[in-house]
Amino acid sequence: MVLYSDQKLILDNNGVIETACPGANGAFVYRYDGLTLITQEGGQLLLLPRTWTANEGTVIVMSKTDSLRLEFSTNVTLEAPKC
């Protein structure tokens, strides 16, 4: 899963990669890789970093808004993220 945002989210979690999309003409100028969507309910998203463990990790809860976009793909790559 890839999360796009129109603003910097400051997700300082192990395994989450933030990529600024310079010159992006669209609304979504930040890309976040390394997250897994656990559930979405009541306008909230529950996300975990892919490297999350019960002993070490942070659960991310954020409001589902028009300033966020989620993309899902079966294509998992180890290449550097591209905007």
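No hydrogens, no waters, no symmetry mates; every other heavy atom, side chains included, goes into these values.
Residue pairs meeting the salt bridge (Lys or Arg N to Asp or Glu O under 4.0 Å) criterion with at least one member in residues 53-67, sequence neighbours excluded, do not occur.
Using a cut-off of 4.0 Å between Lys/Arg side-chain N and Asp/Glu carboxylate O, K8 and E18 are scored as salt-bridged.
Rounding to the nearest 0.5 angstrom, the gap separating the CG atom in L48 from the OG1 atom in T58 is 9.5 Å. In this structure, OG1 on T39 lies 7.0 Å from CG on L46, to the nearest 0.5 angstrom. Between the OG atom of S5 and the CZ atom of R69 there is a distance of 11.0 Å, given to the nearest 0.5 Å.
Transitive grouping of hydrophobic side chains (ILVMFWY, heavy atoms separated by less than 4.5 Å) brings M62 and F72 into a common cluster. Residues W52 and L70 do not share a hydrophobic cluster, clusters being chains of Ile/Leu/Val/Met/Phe/Trp/Tyr side chains in contact below 4.5 Å. Both V61 and I38 are part of a single hydrophobic cluster, where members link through side-chain heavy atoms under 4.5 Å apart.
Among residues two or more places apart in sequence or in another chain, the side-chain contact (heavy atoms from CB on, under 4.5 Å) test is passed with L35 by M1, L3, L11, V16, Y32, L47, I60. Shown here are the side-chain contact (heavy atoms from CB on, under 4.5 Å) partners of S67, two or more places apart in sequence or in another chain: D6, Q7, T65.
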